[in-house]
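Beneath this line is the structure, given in structure tokens, with notes to follow.
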Amino acid sequence: MTDPGGGRSLPQSLFAFSIFYGGMVCIAGVLGVKQVALGPLAVEAGIFAFLLLVVVSSAVAELHGRAAANRLVRLGFVPLVASALLIRLVLALPVDQGMYPPAIDAFPIVLGQSARMMIAGLIAYGTSQTLNVLIFSKLAGGSGRLLWLRAMAASAASQVVDTLLFISISFLGERAIGPLIAGQMLAKVVLSIVLVPPLIYGFVALGRRLDRAQ
């Protein structure tokens, strides 16, 4: 993709992955309302979007460098904050009484979050995603080998930190958080081990194909 202003060309993979990343940032919080059972593990469904976030940021780091991946993470705050503010606005607006009655009650339950949880989400997102890029890049050591292992290790570590921050900030003092943290950590580490290796190879291969076709 060429900059209309005559600047340097933006890699096609970076453009495509940035759009995808922004979408996953917005949907992760919505999916997180549901708790899913994966065999003996219970995990909030937003983890699937968050795993895609860590995979995409790692793929960008692999293809375009750590600086580009860090910029992607920082820009992710824009759709994250904008979507949170729009949700608050919509919740504050009066309801059309012709709306489907069960949806009137369900909407604020599904999308309503306390200010404390919103702040927790912002802190956990920024910290964990930055850590993911850092670990992934540092493990490369300039060699670029063991892509699957670097992505898996970075994802597992960043998801542990994400869980610690989000649950602690959201619920400390309101409920017992030890079992909740332990269960979420275990589920996220297992999912990182199972899902991240094939996903990172798929995204890196797709990125290289997009850039070759540019």
Side-chain angles (χ1 to χ4, degrees), residues 1-29 31 46-84 121-163 165-166 188-189 191-214:
M1 173 166 288
T2 302
D3 182 354
R8 64 181 182 177
S9 176
L10 180 69
Q12 189 71 25
S13 63
L14 186 55
F15 176 74
F17 288 170
S18 296
I19 294 175
F20 183 79
Y21 189 92
M24 290 302 101
V25 167
C26 293
I27 198 63
L31 295 178
I47 180 59
F48 299 109
F50 273 109
L51 284 175
L52 288 171
L53 288 176
V54 300
V55 169
V56 170
S57 61
S58 294
V60 169
E62 182 74 7
L63 295 168
H64 306 292
R66 179 180 167 187
N70 281 330
R71 284 196 297 272
L72 180 67
V73 170
R74 290 194 295 270
L75 287 172
F77 279 104
V78 176
L80 182 59
V81 171
S83 61
L122 290 171
I123 294 173
Y125 161 77
T127 304
S128 63
Q129 293 296 316
T130 302
L131 180 64
N132 174 72
V133 173
L134 173 64
I135 294 174
F136 178 84
S137 300
K138 288 291 186 182
L139 289 177
S143 66
R145 293 181 296 178
L146 297 175
L147 175 63
W148 67 272
L149 182 60
R150 289 186 282 127
M152 182 181 69
S155 175
S158 65
Q159 289 306 300
V160 166
V161 170
D162 179 85
T163 301
L165 289 173
F166 182 78
K188 290 179 178 181
V189 169
L191 288 173
S192 292
I193 293 172
V194 172
L195 297 179
V196 169
L199 285 172
I200 189 65
Y201 279 116
F203 272 88
V204 169
L206 174 61
R208 287 174 175 157
R209 181 174 181 178
L210 288 172
D211 292 340
R212 284 197 301 267
Q214 189 171 6

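The model shown is predicted, which means the values in this text are computed figures rather than measured ones.
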Next on the checklist: For the CG atom of Asn70 and the CZ atom of Arg66, what is their distance to the nearest 0.5 Å?
Outcome noted: 6.0 Å
Checklist entry - Is there a side-chain contact between Leu147 and Phe136 (heavy atoms, below 4.5 Å)? => result yes
Checklist entry - According to the interplanar angle, ranging from 0 to 90°, do the rings of Tyr125 and Phe77 count as parallel (below 30°), tilted (30 to 60°) or perpendicular (above 60°)? => result perpendicular
Next on the checklist: So does Pro11 get a backbone contact from the side chain of Asp211, meaning a donor-acceptor N/O pair under 3.5 Å?
Outcome noted: no
Checklist outcome for this item: Taking every heavy atom of Leu14 against every heavy atom of Leu10, the minimum-distance pair comes out as CD2-CD1, 3.7 Å
Checklist entry - Does a side-chain heavy-atom distance below 4.5 Å link Leu206 with Phe17? => result yes
Next on the checklist: Within this structure, what is the CG-CG distance for the pair Asn132 and Leu53, rounded to the nearest 0.5 Å?
Outcome noted: 9.5 Å
Checklist entry - Which value, rounded to the nearest 0.5 Å, describes the distance between Leu52 atom CG and Ile27 atom CD1? => result 11.5 Å
Item to check | Residues Val160, Lys188; criterion side-chain contact (heavy atoms from CB on, under 4.5 Å); working and verdict | outcome: CA-CA 7 Å; Val160 166; Lys188 290 179 178 181; over 6 Å; no
Checklist outcome for this item: Smallest heavy-atom separation, Val55 atom then Ile200 atom, equals O-CD1, 3.6 Å
Checklist entry - What heavy-atom pair brings Ala157 and Ile135 nearest, and what distance separates the two atoms? => result CB-CD1, 3.6 Å
Next on the checklist: Distance check, rounded to the nearest 0.5 Å: Leu122 atom CG versus Thr127 atom OG1?
Outcome noted: 10.5 Å
Item to check | Distance in Å, Asp162 CG paired with Leu131 CG, rounded so as to fall on 0.5 Å steps | outcome: 10.5 Å
Checklist entry - Would Phe20 and Phe203 satisfy ring-ring contact (aromatic ring centres under 6.0 Å, His included), going step by step from the backbone distance to the final call? => result CA-CA 11 Å; Phe20 183 79; Phe203 272 88; 5.8 Å; yes
Checklist entry - Between Leu63 and Ser13, which heavy-atom pair has the shortest distance, and what is it? => result CD1-OG, 4.2 Å
Checklist outcome for this item: d(Met24 CE, Leu31 CG) to nearest 0.5 Å is 8.0 Å
Next on the checklist: Quick check: closest heavy atoms across Leu72 and Ser57, and the distance to 0.1 Å?
Outcome noted: CD2-CA, 4.3 Å
Checklist entry - Where do Val54 and Gln159 land on the side-chain contact (heavy atoms from CB on, under 4.5 Å) test, with the steps shown first? => result CA-CA 9 Å; Val54 300; Gln159 289 306 300; 3.7 Å; yes
Next on the checklist: Looking at every non-hydrogen atom in both residues, tell me the closest pair between Ala69 and Val133 and how far apart they are.
Outcome noted: CB-CG1, 3.7 Å
Checklist entry - Between the main-chain N or O of Leu80 and the side-chain N or O of Ser83, is there a donor-acceptor pair closer than 3.5 Å? => result yes
Item to check | Note, Gln129 side chain near Phe50 side chain (heavy atom, < 4.5 Å) | outcome: yes
Item to check | Exam field: side chain Ser155 to backbone Ala151, donor-acceptor pair closer than 3.5 Å | outcome: no
Checklist entry - If only atom types and distance count, is the side chain of Arg150 paired as donor or acceptor with the main-chain N or O of Arg145 below 3.5 Å? => result yes
